[in-house]
Amino acid sequence: MENFTMYDECNENFDPLFSDDMFNISSDDFSMDDDSDIILTSIKDWFNLPSTTNPDDILDTYSDEIPLNRKEWLIQDSPSQRYRAPRLFEFLILLLRKSHYESYASFTDQSKGIFQVHRPDKIAELWQAVKSRQSQQKMTYDKFARAIRWYYKSNLMQKTNTRYTFQFSSKTLEKYFIDENNNSSTNLLL
DNA sequence: GGCGGAACGC
DNA sequence: GCGTTCCGCC
C-alpha cells in the first residue's frame, strides 16, 4: 500500500495544510453502481459495520458520515512549533484542500478564491467540533457565516453577496495559496 | 439568505 | 483580538 501516510506526532515534517492524502474519500467511493463484494467489504470494514449489513442500507445511512480526525485540523504555529486549533479562515483553507470534504464545500473559481458551501449544516457542525473557543450552544450556519462576515472588515475575505458563496481576498490568496502560474509559494505557514 | 451593529465572553 | 450570540433590516 503505497502513498499511505499516517500522522505522527513526532514527525516534524507533518504539515496539516498538506495532509490531503491522510485519507481520501470521494463520493465515488460509495457508488452502489459497482456492487462488487470487494467494495462493499471495504465500506463495511471502514465503518465497522457487521458483514451482514444489507448493501442497500449502506449508501443511505453511511455515505454522509465522514469520521472526524481532529489531528488533520491542527495548525502548527510558526515560531513555537506548537499545535493549536485553527482560526476560522484557516479552517476554511484546510477544508477546501481536503478532497474528502468536497461534498461540504469546494472552489468554484480557485484562482479568485471563490468557493461555495454545499452542506451548510454539516460545515457548521464540523467547525463547532474543530474550533478553539468552545461553548455550550450549537454552532449554526448563520453564526458561522457571521464570523466570516467579520473578515470583510479586516480584508481577509470579501463579499460575494451570493447564496452560500464566499471569497478570499487577494491579500489572503497571496499569503496562503500557491501561485500555480509561477509556482512561487509565498507564506505557506499559518 | 446576506448584511452588519451591538453586547458579550474567553 | 477573535469570534459568538442575537437580531433587525434588506
Side-chain angles (χ1 to χ4, degrees), chain A residues 7 9 12-20 22-23 25-27 60 63-179 185-190:
Chain A
Y7 171 78
E9 293 202 42
E12 293 182 359
N13 295 320
F14 175 75
D15 183 346
L17 279 177
F18 294 101
S19 60
D20 213 28
M22 285 185 71
F23 57 95
I25 322 172
S26 78
S27 53
D60 288 346
S63 64
D64 212 31
E65 301 296 328
I66 298 178
L68 175 62
N69 178 358
R70 292 178 180 284
K71 288 176 179 173
E72 70 171 329
W73 297 104
L74 293 176
I75 296 286
Q76 192 171 22
D77 257 328
S78 310
S80 67
Q81 296 291 96
R82 289 180 54 176
Y83 288 101
R84 59 169 173 78
R87 290 185 52 189
L88 178 56
F89 78 94
E90 292 168 332
F91 166 78
L92 293 172
I93 294 172
L94 290 174
L95 180 73
L96 288 162
R97 292 186 101 101
K98 298 178 191 301
S99 56
H100 50 284
Y101 280 107
E102 225 170 1
S103 63
Y104 282 34
S106 62
F107 280 111
T108 53
D109 187 338
Q110 184 155 11
S111 65
K112 291 178 181 167
I114 303 173
F115 63 95
Q116 193 158 359
V117 164
H118 311 303
R119 306 288 304 276
D121 296 341
K122 280 289 184 185
I123 290 189
E125 183 183 296
L126 182 59
W127 170 235
Q128 171 151 48
V130 159
K131 70 193 173 80
S132 168
R133 285 192 301 287
Q134 293 293 328
S135 87
Q136 306 304 316
Q137 299 183 53
K138 186 185 175 186
M139 179 50 58
T140 62
Y141 173 73
D142 183 63
K143 290 188 277 186
F144 164 83
R146 180 67 189 98
I148 291 181
R149 274 181 245 128
W150 279 113
Y151 284 152
Y152 299 158
K153 199 154 192 155
S154 55
N155 196 30
L156 258 119
M157 312 258 299
Q158 58 197 58
K159 286 185 215 174
T160 68
N161 289 302
T162 310
R163 195 173 188 254
Y164 296 144
T165 305
F166 300 94
Q167 181 170 18
F168 292 106
S169 68
S170 52
K171 174 185 114 179
T172 306
L173 282 175
E174 284 166 24
K175 198 167 183 183
Y176 298 106
F177 291 81
I178 303 173
D179 182 346
S185 55
T186 49
N187 182 10
L188 288 172
L189 294 175
L190 286 171

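Side chains are part of it too, since the values below use all heavy atoms of this structure and drop only hydrogens, waters and symmetry mates. Treat the numbers as computed from the prediction; the structure is a model and nothing was measured. Naming: A, B, ... by sequence-line order, numbering from 1 per chain.
Minimum interatomic distance between A:Q128 and A:M139 (heavy atoms only, all atoms of both residues): OE1-N, 3.1 Å. Heavy-atom minimum distance, A:E72 versus A:H100: OE1-NE2, 3.1 Å.
Judged by distance alone, with hydrogens and angles left aside, the side-chain atoms of A:S169 form a donor-acceptor pair with the main-chain N or O of A:N155 at under 3.5 Å. The backbone N or O of A:T160 sits nowhere less than 3.5 Å from a side-chain atom of A:T165 that would complete a donor-acceptor pair.
Between A:W150 and C:dG1 there is no side-chain N or O to OP1 or OP2 distance below 4.0 Å. OP1 or OP2 of B:dG4 has at least one side-chain nitrogen or oxygen of A:K159 nearer than 4.0 Å. Note on A:K143: every side-chain N or O is 4.0 Å or more away from OP1 and OP2 of C:dT4. Side-chain nitrogen and oxygen atoms of A:Y152 include at least one within less than 4.0 Å of the OP1 or OP2 phosphate oxygen of B:dC3. Within the structure, every side-chain polar atom (N or O) of A:S135 is placed at least 4.0 Å from both OP1 and OP2 of B:dC10.
Atom-to-atom, CD of A:E90 to C1' of C:dG1 comes out at 14 Å; the value is rounded to the nearest Å. Between the CE atom of A:M139 and the C1' atom of C:dC6 there is a distance of 13 Å, given to the nearest Å. Residue A:Q137 contributes atom CD, which lies 12 Å from atom P of B:dC10 at whole-angstrom precision. Rounded to whole Å, the distance from CZ on A:F91 to C1' on C:dC2 is 16 Å. Whole-Å rounding puts the A:L156 CG to C:dG1 P distance at 14 Å. Taking atom CD of A:Q116 as the reference point, atom P of B:dG2 lies 10 Å away to the nearest angstrom. Following rounding to the nearest Å, A:F144 (CZ) and C:dC2 (C1') show an atom-to-atom distance of 15 Å. One atom, CZ of A:F89, and another, P of C:dC2, lie 9 Å apart when rounded to the nearest Å.
Residue A:R133 has its side chain nearest to C:dC2 when only C:dC2, C:dT5, B:dG4 are considered. Of all nucleotides listed (B:dC3, C:dT4, B:dG2), B:dG2 comes nearest to the side chain of A:Y141. Nearest nucleotide to the side chain of A:N161, out of C:dG3, B:dG2, B:dG4: B:dG2.
For the pair A:R149 and A:K131, both in contact range of DNA chain C, the more 5′-proximal nearest nucleotide belongs to A:K131. Mapping A:Q134 and A:R146 onto DNA chain B by nearest heavy atom places A:R146 at the nucleotide closer to the 5' end.
Aromatic ring orientation, A:F107 versus A:F115: perpendicular (interplanar angle above 60°, classes split at 30° and 60°).
Aromatic rings of A:F168 and A:F89 (six-membered ring for Trp) have centroids beyond the 6.0 Å cut-off, not under it.
Nucleic acid contact for A:R163: sugar-phosphate only, since backbone atoms but no base atoms lie under 4.0 Å from a heavy atom of the residue. Nucleic acid contact for A:T162: sugar-phosphate only, since backbone atoms but no base atoms lie under 4.0 Å from a heavy atom of the residue. Among the atoms of the strands shown, only primed sugar atoms or phosphate atoms (P, OP1, OP2) are found under 4.0 Å from some heavy atom of A:Y151.
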